Protein chains: 2
Amino acid sequence: MRDSIWCFENVNLFHILCPHKIRDFEKDHFEGFKKGDFIYFPEDSSKSIFMVSKGKVKIVSYNSDGEEVVKAILGKGEIFGEKALLGEDKRGDYALACSEPTELCPMRLPDMHQLMRDNEKFGLSIYKLIGFRIKKMERRLESLLFKDVKTRLCDFLKEMAEENGVSVGSEIVIPYFFTQKDFADLIGTKRETVTRLFNELKQEELIDYSRKEIRIKSLENL
Amino acid sequence: MRDSIWCFENVNLFHILCPHKIRDFEKDHFEGFKKGDFIYFPEDSSKSIFMVSKGKVKIVSYNSDGEEVVKAILGKGEIFGEKALLGEDKRGDYALACSEPTELCPMRLPDMHQLMRDNEKFGLSIYKLIGFRIKKMERRLESLLFKDVKTRLCDFLKEMAEENGVSVGSEIVIPYFFTQKDFADLIGTKRETVTRLFNELKQEELIDYSRKEIRIKSLENL
DNA sequence: TGCTATATGTGATCTGGCTTACATTTATTG
DNA sequence: CAATAAATGTAAGCCAGATCACATATAGCA
């Protein structure tokens with residue numbers, strides 16, 4: 001594992017969960033969501049967990065000033081709503097699709113429990129995933145406590161490069177599904193600051209970007 | 001549940017875990033720790049979980065600048081090292097006693113698993129506790145993202161009042177086992193700022209404090 | 001294709017809380 | 001009980017990043 005605050009431990013459950021192994025529960029599989037569609041609301045009871053089979057999903061809540069708290073953004077193969085496995089009764093946050101089309105594998109909780117009982121290895125990897133989520137949150141906390149905005153942004157870009165980056169020549173291209181506002185929310189700063197930093201990094205020849213993609217020219221120096 | 005960022009959902013497992021129900025595993029029960037003693041190190045493998053039966057335990061890690069990242073401070077009846085249940089192999093942080101004497105109930109992982117298998121209700125409450133830990137961390141994150149230092153301190157004092165406070169007349173007395181440095185670490189600020197704020201709150205007649213205790217004079221207005 | 005909404009760019013100003021630098025008070029230890 | 005260490009108190013100066021106030025660019029839609 002790298003030193004980066006934002007680095008991911010990729011526990012990709014796509015091939016375990018979806019679509020083959022769970023034909024039995026396939027009833028309401030694969031729902032189609034459009035950008036901005038809500039998947040669940042805070043008051044919904046936590047009756048199922050989801051895996052993203054296509055698109056991106058954002059988990060958010062809103063603080064008392066109506067500002068968005070971005071808890072996570074998830075891509076293909078990642079699960080969310082997993083707190084249902086920890087005895088959560090209500091979701092407590094919003095899940096919404098943030099790319100189009102977004103498709104999910106929903107798993108009802110009892111089915112999930114059965115699956116985990118039947119397949120110990122699978123159960124373990126689910127719990128492991130929860131463990132990784134916790135560690136990730138701990139790193140985010142630490143970065144918020146001790147690192148300045150620029151460092152946080154660089155760490156975050158590195159994380160994205162690992163997760164979603166595609167090598168093209170010496171560069172790493174990240175398809176750009178976040179707005180600068182999203183970046184700001186994720187690293188805990190303001191949009192204007194992100195704009196400023198993006199241009200600063202461009203000046204320093206570390207990245208290049210358009211509204212379509214971000215090109216990381218020198219991952220090492222970020 | 002209250003609105004406070006810092007409010008606790010008290011899942012006290014003391015009477016479930018300790019000391020009666022687990023006589024079988026009692027071998028190395030109740031170890032005595034002095035203030036500052038390390039209970040585990042980051043490289044230790046996660047072979048057991050602990051419950052505090054007496055005293056206080058601090059979970060920390062250190063960032064690259066050697067600054068302490070305080071992840072949690074736990075009192076009687078609270079468990080720690082629970083990430084072992086989530087497939088963690090190494091602890092990844094330090095646990096150290098921060099009051100004297102501190103005593104623990106250590107539970108080896110296999111025993112724990114057996115206990116959880118045998119007693120479904122118990123297993124559920126353990127997982128629930130992990131869920132609460134996650135929510136608490138989410139609140140801490142949110143507070144760090146959006147609230148200023150004074151608000152964070154007030155929220156934290158409210159949390160402590162709930163957890164450890166004793167009503168004395170119209171006041172709530174909190175025994176004072178944290179130094180101002182500890183407060184600073186926990187809410188993400190510097191010691192000098194905590195001192196200033198403590199005095200500010202004293203001026204405003206909201207609290208009173210000595211090195212022995214903090215008296216909350218007006219919880220509502222904090 | 002033009003109109004409108006949303007995303008991005010960029011300066012000027014302001015400020016919470018960090019930094020630095022000590023002083024004072026309370027614990028701890030030989 | 002003195003000596004030393006640790007915790008607390010206070011104040012001046014500074015700066016990263018927020019805030020405010022626009023300008024421009026791009027996308028989506030009638």
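Per chain, numbering begins at 1; letters A, B, ... match sequence-line order. All heavy atoms count here, side chains included; hydrogens, waters and symmetry mates do not. Remember, predicted model here, so these are calculated numbers, not experimental data.
- Comparing the local axis fitted to the first five base pairs of the helix from C:dT1-D:dA30 to C:dG30-D:dC1 with the one fitted to its last five gives a bend of 50°, rounded to 10°.
- For C:dT8, neither phosphate oxygen OP1 nor OP2 lies less than 4.0 angstrom from any side-chain nitrogen or oxygen of A:Lys212.
- Regarding A:Leu201, its CG atom lies at a distance of 12 Å from the P atom of C:dG9, rounded to whole Å.
- Rounded to whole angstrom, the span from the NZ atom of A:Lys202 across to the C1' atom of C:dT8 amounts to 11 Å.
- Note: CD (A:Glu200) to C1' (C:dT10) measures 13 Å, nearest angstrom.
- Checked against side-chain contact (heavy atoms from CB on, under 4.5 Å), B:Lys90 has the following partners two or more places apart in sequence or in another chain: B:Glu43.
- With sequence neighbours left out, A:Ser61 forms a side-chain contact (heavy atoms from CB on, under 4.5 Å) with A:Val69, A:Lys71, A:Asp93, B:Glu142.
- Using a 4.0 Å cut-off between charged side-chain N and carboxylate O, B:Glu204 and B:Lys150 make a salt bridge.
- For A:Thr193, the side-chain contact (heavy atoms from CB on, under 4.5 Å) partners two or more places apart in sequence, or in a different chain, are A:Val149, A:Thr189, A:Lys190, A:Leu197.
- Partners of B:Lys181 under the salt bridge (charged side-chain N to carboxylate O under 4.0 Å, His left out) rule, at least two apart in sequence or in another chain, are B:Asp185.
- Every residue two or more places apart in sequence or in another chain was checked for a side-chain hydrogen bond (donor to acceptor under 3.5 Å, both in side chains) with B:Glu192, and none qualifies.
- Contact annotation: the side chain of A:Asp208 never approaches that of A:Ile216 to less than 4.5 Å [non-hydrogen atoms, C-beta and beyond].
- In this view, B:Arg215 and B:Glu171, B:Glu213 satisfy the salt bridge (charged side-chain N to carboxylate O under 4.0 Å, His left out) rule, not counting sequence neighbours.
- Look at CG on A:Asp185: it is 14 Å from C1' on C:dA7, rounded to the nearest Å.
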Can you pull every protein N or O that's under 3.5 Å from an N or O on nucleotides 1-8 of chain D?
residue, atom, partner, partner atom, Å
D:dT8, OP1, B:Tyr176, OH, 3.3
D:dT8, OP2, B:Gln180, N, 2.8
D:dT8, O4', B:Arg211, NH2, 3.1

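- Applying the side-chain contact (heavy atoms from CB on, under 4.5 Å) criterion to A:Lys34, with sequence neighbours excluded, gives A:Asp37, A:Glu100.
- What separates CG of A:Leu197 from P of C:dT10 is a distance of 13 Å, to the nearest Å.
- For residues 53-85 of chain B, the set of pairs meeting the ring pair (Phe, Tyr, Trp, His ring centres under 6.0 Å) definition, not counting sequence neighbours, comprises B:Phe50-B:Phe80, B:Tyr62-B:Tyr94.
- Contacts of B:Tyr209 classified as side-chain hydrogen bond (donor to acceptor under 3.5 Å, both in side chains), with partners at least two apart in sequence or in another chain: B:Asn199.
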Please tabulate, one pair per line, each protein N/O and nucleotide N/O from nucleotides 16-20 of chain D that are separated by under 3.5 Å, including the distance.
residue, atom, partner, partner atom, Å
D:dG17, OP1, A:Val149, N, 2.8
D:dA18, OP1, A:Thr189, OG1, 3.2
D:dA18, OP2, A:Thr189, OG1, 2.8
D:dA18, OP2, A:Thr193, OG1, 2.7
D:dT19, O4, A:Arg196, NH2, 3.2

